[in-house]
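The structure appears right after this line, and notes come after that.
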Amino acid sequence: HHIVPDTAIRHMAFSELYISRKKITPGTSVLTQGNMANTRELVLEHGMTDISITVDVIDHAKSNKVKLRYRLIGMQDDWIELDNTRHINFNHIPTGDYILEVEAFRPHIDCEGKRISMKIQVLPPWWSTWWFRLLMTLLFFSAILLIFRRRMRKLEEEQIVLQKKVDERTTELKQALQDKDRLI
């Protein structure tokens with residue numbers, strides 16, 4: 001009777017987050033849901049894309065140690081194997097929505113792996129947001145309207161000046177005609 005080794009992977013979780021090589025502490029603007037193990041979604045501002053995520057795995061096996069691989073669905077759908085440091089590094093993640101999947105498995109043994117995932121959203125820069133574009137559109141049309149109204153006001157003022165000149169000239173001509181009639 002031979003003992004079957006326990007190949008189950010007991011625990012795997014995201015453990016640490018670094019942004020621009022600085023460790024992010026739980027409860028901050030990025031880790032609002034507490035620690036990394038409880039985080040199901042990361043919302044990153046524009047420029048916060050130089051990130052590193054550490055994964056913890058508890059593995060009691062003496063041989064055939066657990067290996068990890070990851071993929072960022074939406075940017076790179078192929079699996080990438082992790083080294084022993086268990087740090088997932090991204091130098092740049094473009095604006096968009098992604099799903100980070102990490103899978104623990106035992107090579108050469110047909111056992112059930114363990115998978116964890118987290119949604120990652122990278123927000124656009126402020127100048128690419130819908131509200132900024134709307135504001136710029138409104139400012140553009142306001143400027144056009146302002147220019148148009150100033151031009152109309154200037155034309156109306158010129159029309160008043162011209163009308164005064166015409167009235168003065170008409171009065172002068174009437175006066176001249178009256179003076180001519182008196183002379184005759």
Side-chain angles (χ1 to χ4, degrees), residues 1-140:
H1 181 336
H2 117 339
I3 299 171
V4 177
D6 182 9
T7 58
I9 300 161
R10 299 275 178 235
H11 171 80
M12 179 171 78
F14 297 112
S15 61
E16 294 176 330
L17 171 66
Y18 293 85
I19 297 177
S20 300
R21 293 175 189 77
K22 290 185 197 128
K23 186 175 180 179
I24 306 301
T25 54
T28 58
S29 62
V30 178
L31 289 178
T32 54
Q33 300 160 357
N35 62 15
M36 276 298 283
N38 298 334
T39 301
R40 295 290 154 250
E41 180 176 8
L42 270 183
V43 179
L44 302 172
E45 301 283 330
H46 174 73
M48 282 187 168
T49 57
D50 181 11
I51 68 169
S52 178
I53 297 172
T54 307
V55 180
D56 278 345
V57 175
I58 295 176
D59 180 20
H60 297 295
K62 299 282 184 252
S63 62
N64 202 20
K65 289 282 193 189
V66 166
K67 294 247 183 217
L68 295 179
R69 60 185 185 172
Y70 73 95
R71 63 184 176 177
L72 188 61
I73 299 170
M75 187 168 105
Q76 148 229 331
D77 295 340
D78 296 330
W79 289 101
I80 297 173
E81 206 163 303
L82 272 175
D83 60 16
N84 291 335
T85 63
R86 297 190 171 147
H87 288 284
I88 301 168
N89 299 306
F90 298 105
N91 292 331
H92 175 72
I93 305 173
T95 298
D97 295 323
Y98 307 94
I99 295 173
L100 173 63
E101 277 189 339
V102 181
E103 184 178 66
F105 65 97
R106 293 191 190 284
H108 318 298
I109 293 181
D110 190 24
C111 73
E112 191 173 318
K114 191 171 186 79
R115 209 179 264 193
I116 55 174
S117 66
M118 174 191 313
K119 185 178 177 204
I120 297 178
Q121 180 184 19
V122 179
L123 301 174
W126 59 270
W127 62 86
S128 291
T129 56
W130 66 268
W131 58 264
F132 181 76
R133 289 183 176 157
L134 177 65
L135 181 65
M136 286 297 104
T137 303
L138 289 173
L139 283 173
F140 174 76

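Below, all heavy atoms of this structure are taken into account, side chains as well, without hydrogens, waters or symmetry copies.
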For this session: Before giving the answer on side-chain contact (heavy atoms from CB on, under 4.5 Å), spell out for His46 and Leu123 the whole-Å C-alpha distance, their side-chain angles and the decisive distance to 0.1 Å.
Result: CA-CA 6 Å; His46 174 73; Leu123 301 174; 5.8 Å; no
Exercise. If you draw a 6.0 Å radius around CH2 in Trp130, do more than 12 non-hydrogen atoms from other residues or ligands fall strictly inside?
Worked result: no
Problem set entry | Pairing residues for Asp50 by the salt bridge (charged side-chain N to carboxylate O under 4.0 Å, His left out) criterion, not counting sequence neighbours | Arg21
Problem set entry | Any side-chain heavy-atom pair of Leu44 and Ile19 under 4.5 Å | yes
Exercise. How long is the gap from CD on Glu103 to CD1 on Ile116, to the nearest 0.5 Å?
Worked result: 11.0 Å
Problem set entry | Distance-minimising heavy-atom pair for Ile99 and Ser117 | CG2-CB, 4.1 Å
For this session: Starting at NZ of Lys23, measure out to CG of Leu17 and round the result to the nearest 0.5 Å.
Result: 10.0 Å
Exercise. Who are the side-chain contact (heavy atoms from CB on, under 4.5 Å) partners of Thr95, not counting sequence neighbours?
Worked result: Pro124, Pro125
For this session: Inspect the surroundings of CG in Asn84 and state if more than 12 heavy atoms from other residues, nucleotides or ligands are less than 6.0 Å away.
Result: no
Exercise. Which heavy atom of Phe90 sits nearest a heavy atom of Leu100, and at what distance?
Worked result: CZ-CD1, 4.0 Å
Exercise. Counting distance only, does the side-chain N/O of Ser15 pair as donor-acceptor with the main-chain N or O of Thr54 below 3.5 Å?
Worked result: yes
Problem set entry | Nearest heavy-atom neighbours spanning Ile93 and Tyr98 | CG2-CE1, 3.3 Å
Exercise. Which atoms form the tightest heavy-atom contact between His87 and Leu82, and what is the distance?
Worked result: O-CD2, 3.1 Å
Problem set entry | Residues forming a side-chain contact (heavy atoms from CB on, under 4.5 Å) with Leu138, sequence neighbours excluded | Leu134
Problem set entry | Asp97 and Gln121, any side-chain heavy atoms less than 4.5 Å apart | yes
Problem set entry | Val57 versus Met12, closest heavy-atom pair with distance | CG2-CG, 3.8 Å
Problem set entry | Spacing of Leu68 atom CG and Ile88 atom CD1 [to the nearest 0.5 Å] | 7.5 Å
Seminar exercise, completed: To the nearest 0.5 Å, atom CZ of Arg86 lies from atom OH of Tyr70 at 15.0 Å
Exercise. What residues, two or more places apart in sequence or in another chain, satisfy side-chain contact (heavy atoms from CB on, under 4.5 Å) together with Trp131?
Worked result: Trp126, Thr129
Problem set entry | Closest non-hydrogen atom pair between Val55 and Phe14, with its separation | CG2-CD2, 4.1 Å
Exercise. Should Ile53 and Val102 be marked as a side-chain contact (heavy atoms from CB on, under 4.5 Å) after you check the CA-CA gap, both sets of side-chain angles, and the distance that decides it?
Worked result: CA-CA 11 Å; Ile53 297 172; Val102 181; over 6 Å; no
Exercise. Side chains of Phe132 and Met136: closer than 4.5 Å at any heavy-atom pair?
Worked result: yes
Seminar exercise, completed: Contacts of Lys22 meeting salt bridge (charged side-chain N to carboxylate O under 4.0 Å, His left out) (sequence neighbours excluded), chain-then-number -> none
Exercise. Taking atom CD of Glu81 and atom NZ of Lys67, what is their separation to the nearest 0.5 Å?
Worked result: 5.5 Å
For this session: Sequence neighbours left out, what passes side-chain contact (heavy atoms from CB on, under 4.5 Å) with Arg71? Give chain and number order.
Result: Ile73, Trp79, Glu101, Arg115
